[in-house]
A.B. asks: 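Supplied in structure tokens, the structure appears directly below.
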Amino acid sequence: MTSSPATRRILDCLRNGQPDETVTVKGWVRTKREQKKFTFAEINDGSSLKGIQVVIDASVPGYAEAVAAMNTGASVAIDGKLVESPAKGQRIEMQASAIEVFGSAAEDYPLQKKRHSFEFLRTIAHLRPRTNTLGAVMRVRNACAQAIHEFFREREFLWVHSPIITASDCEGAGEMFGVSTFDPTKIPTDKEGKPDYSKDFFGRPAYLTVSGQMEAEIMATAFSNVYTFGPTFRAENSNTSRHLAEFWMVEPEMSFCDLEGDMNLAEEFLKYIFSYVMKHCPEDMEFFNQRIDKEAIARAENIINNEFERLTYTKAVELLENCDRKFDYPVEWGIDLQSEHERYLAEEVFKKPVILTDYPTEIKAFYMRLSDDGKTVRAMDVLAPGIGEIIGGSQREERLDVLERRIVEAGLPKEDYWWYLDLRRYGTVPHAGFGLGFERLVQFMTGMGNIRDVIPFPRTPMNADF
RNA sequence: UCCUCAGUAGCUCAGUGGUAGAGCGGUCGACUGUUAAUCGAUUGGUCGCAGGUUCGAAUCCUGCCUGGGGAGCCA
């Protein structure tokens with residue numbers, strides 16, 4: 001039975017199964033209801049939120065032993081045929097003819113047939129994928145990832161694999177994790193007593209990447225349109241529901257493109273992913289709408305059907321200065337907008353995603369293209385209701401002299417950027433791109449409150465279990 | 001890193017100075033179609049850790065640990 005080629009995914013049975021079809025399903029018991037002469041069991045194999053209801057008549061061979069063994073959490077294979085269900089709750093169910101129990105669950109199986117707190121589930125990250133919520137999250141997460149690849153494949157973007165280990169701290173996007181093979185108890189030192197990295201694995205300090213953007217820029221100057229999609233790392237001591245030490249990032253980079261094109265891509269991109277998930281995971285989205293966030297589906301439809309609001313940073317500041325709302329942090333031109341400001345714009349003024357552009361030069365990175373006014377750069381942030389900044393992007397500075405000047409002004413060592421400057425010396429092009437935090441997208445999609453519950457194995461300060 | 005709230009049975013929680021509780025779960029039993037089945041019985045505790053106050057501490061005080069929420073930083 002274990003190698004039966006006729007094994008059907010439960011999702012397929014529920015959606016497409018017809019009465020009298022003979023099938024084998026394999027999965028884990030979610031719940032069992034013993035009656036006098038037969039037993040109901042719900043089997044789930046992860047293919048869908050709902051399991052299939054299996055009716056096991058007492059006449060099935062080995063009934064007593066099998067039913068005793070198939071408690072909540074047990075793994076089973078069941079042969080039988082599909083039948084129309086005489087009761088409410090499901091279109092189709094399964095009449096069992098043979099049962100194999102691979103392993104029953106010990107009495108202390110921690111997942112009960114009731115709600116658990118997400119805090120508790122995080123302590124059993126090896127078992128929580130079997131819950132309704134985490135199951136739905138992981139299916140939606142997977143659909144988002146597939147949507148991303150399909151979106152870029154349709155537009156002939158090249159998926160580039162940016163390195164995870166890097167020797168450059170170019171972007172300065174945050175604290176970096178060091179990568180070393182030194183024995184921490186005896187690190188070789190130089191004459192000044194500092195670590196002698198010439199004796200380390202790479203012969204120099206190395207780190208886990210914080211962003212693949214600069215590598216993407218390299219690749220974009222050969223392939224025109226590219227994107228990265230992979231893990232990135234920040235050693236920041238951030239303890240919030242929106243930060244992880246290890247998270248996935250999507251970073252498209254387009255040659256021969258300006259900020260306008262960048263914004264258009266970002267908007268199309270979000271609309272595409274939301275449409276894709278609504279189409280491919282309707283049951284899971286309905287579940288989130290009912291149990292996690294009653295706005296989930298309305299929000300998805302809002303994203304899909306409405307133009308994003310676009311306005312400049314300068315106009316946003318004027319709007320914030322002239323509104324009735326009192327803010328904890330006062331607003332004036334030149335400040336970096338606080339969470340409360342961004343949320344006010346996205347949630348209360350426009351009630352949909354907002355793209356802010358043309359930020360003051362001082363509060364943005366050196367590589368963003370300087371505008372003619374000299375005071376702003378061609379940057380854009382997409383602010384989402386409930387989440388805040390979900391996408392950050394810019395047109396890049398393609399003029400060699402301006403870029404050199406801005407590196408110096410930022411107090412950065414120009415020699416470290418020799419290859420980045422080379423891209424401007426050899427066939428420079430206007431180009432633009434953005435970065436999207438993948439887990440924040442999944443949070444936004446599902447309405448999940450804590451980012452630790454939208455990644456299978458969250459990495460946060462003081463926590464790397466599992 | 002800062003502010004704030006919390007930690008009591010496997011889980012979710014009640015208990016604010018005087019014999020440690022409930023629901024769910026687990027176990028056993030009942031029940032002719034259940035849907036987180038239902039009903040009955042039963043099982044289950046280092047009250048986060050360490051110290052202190054008190055005749056007496058889950059409860060009050062101090063320190064520490066762990067977790068949540070918020071802020072900063074950011075994606």
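Quick caveat: nothing in here was measured; it's all calculated off a predicted structure.
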A.B. asks: Assign S85(A) to base, sugar-phosphate, or nothing according to its heavy-atom contacts below 4.0 angstrom with the strands shown.
C.D. replies: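 If one applies the 4.0 Å heavy-atom cut-off, S85(A) turns out to touch a base.
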A.B. asks: Using a 4.0 Å heavy-atom cut-off, write out nucleotides 41-46 of chain B from 5' to 3' as B (base contacted by protein), S (sugar-phosphate only) or - (no contact).
C.D. replies: ------
A.B. asks: To the nearest Å, give me how far apart CG (N239(A)) and P (A6(B)) are.
C.D. replies: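 Whole-Å distance recorded here is 19 Å.
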A.B. asks: Using atom OH of Y329(A) as one end and atom P of A71(B) as the other, report the distance to the nearest whole Å.
C.D. replies: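 Value for this atom pair: 9 Å.
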A.B. asks: Atom CD1 of I92(A) and atom CD of E21(A): how far apart are they, to the nearest 0.5 Å?
C.D. replies: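 With rounding to 0.5 Å, CD1 (I92(A)) is 7.0 Å from CD (E21(A)).
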A.B. asks: Within the 4.0 Å heavy-atom criterion, would you say S238(A) contacts the bases, only the backbone, or no part of the nucleic acid?
C.D. replies: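 Base, at least one base atom sits under 4.0 Å.
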A.B. asks: Identify, residue by residue, the members of residues 347-363 of chain A with a heavy atom below 4.0 Å from RNA chain B, and return them in order of residue number, or none.
C.D. replies: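 Within this stretch, nothing sits under 4.0 Å of the strand.
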A.B. asks: What residues form a side chain to side chain donor-acceptor pair (under 3.5 Å) with R33(A), not counting sequence neighbours?
C.D. replies: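 Per chain and number, R33(A) pairs via side chain to side chain donor-acceptor pair (under 3.5 Å) with Q53(A).
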A.B. asks: Report, one pair per line, the protein and nucleotides 7-11 of chain B atoms (nitrogen or oxygen only) whose separation is under 3.5 Å.
C.D. replies:
residue: G10(B); atom: N2; partner: Q112(A); partner atom: OE1; Å: 2.8
residue: G10(B); atom: N2; partner: Q112(A); partner atom: NE2; Å: 2.6
residue: G10(B); atom: N3; partner: Q112(A); partner atom: NE2; Å: 3.1
residue: C11(B); atom: O2'; partner: H116(A); partner atom: ND1; Å: 3.3
residue: C11(B); atom: O2; partner: K114(A); partner atom: NZ; Å: 2.4

A.B. asks: Parallel, tilted or perpendicular, judged at 30° and 60°: which one describes the rings of F327(A) and Y344(A)?
C.D. replies: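 Aromatic pair F327(A)/Y344(A) classed perpendicular.
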A.B. asks: Ignoring hydrogens and angles, are the base of U34(B) and the side chain of Q90(A) linked by a donor-acceptor pair under 3.5 Å?
C.D. replies: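 Such a pair is found, so the answer is yes.
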A.B. asks: Describe the nucleic acid contact of I390(A) in one word from base, sugar-phosphate, nothing, applying a heavy-atom distance below 4.0 Å.
C.D. replies: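 The residue I390(A) makes sugar-phosphate contact but no base contact.
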A.B. asks: Determine whether the side chains of S162(A) and E215(A) contain a donor N or O and an acceptor N or O closer than 3.5 Å.
C.D. replies: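 Side chains of S162(A) and E215(A): no pair found under 3.5 Å.
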A.B. asks: On a whole-Å scale, what distance lies between the C1' atoms belonging to C47(B) and A9(B)?
C.D. replies: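 After rounding to an integer number of Å, I get 10 Å for this pair.
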A.B. asks: Please give me every residue in residues 38-48 of chain A whose heavy atoms get under 4.0 Å of an atom in RNA chain B, ordered by residue number.
C.D. replies: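 RNA chain B contact set from residues 38-48 of chain A: F38(A), F40(A).
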A.B. asks: Taking any heavy-atom pair under 4.0 Å as a contact, classify E342(A): base, sugar-phosphate, or nothing.
C.D. replies: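 The residue E342(A) makes no contact with any strand.
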A.B. asks: Go through U34(B), U66(B), U32(B) for me and flag the one nearest to the K36(A) side chain.
C.D. replies: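 The nucleotide sitting nearest to the side chain is U32(B).
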A.B. asks: Which heavy atom of D57(A) sits nearest to which heavy atom of Y63(A), and what is that distance?
C.D. replies: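 Heavy-atom minimum between the residues: O-CD1, 3.2 Å.
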A.B. asks: For E246(A), what residues pass the salt bridge (charged side-chain N to carboxylate O under 4.0 Å, His left out) criterion, not counting sequence neighbours?
C.D. replies: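 E246(A) satisfies salt bridge (charged side-chain N to carboxylate O under 4.0 Å, His left out) with no other residue.
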A.B. asks: Between the side chains of R234(A) and T232(A), does any donor sit under 3.5 Å from an acceptor?
C.D. replies: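 R234(A) vs T232(A): no donor-acceptor pair found between side chains.
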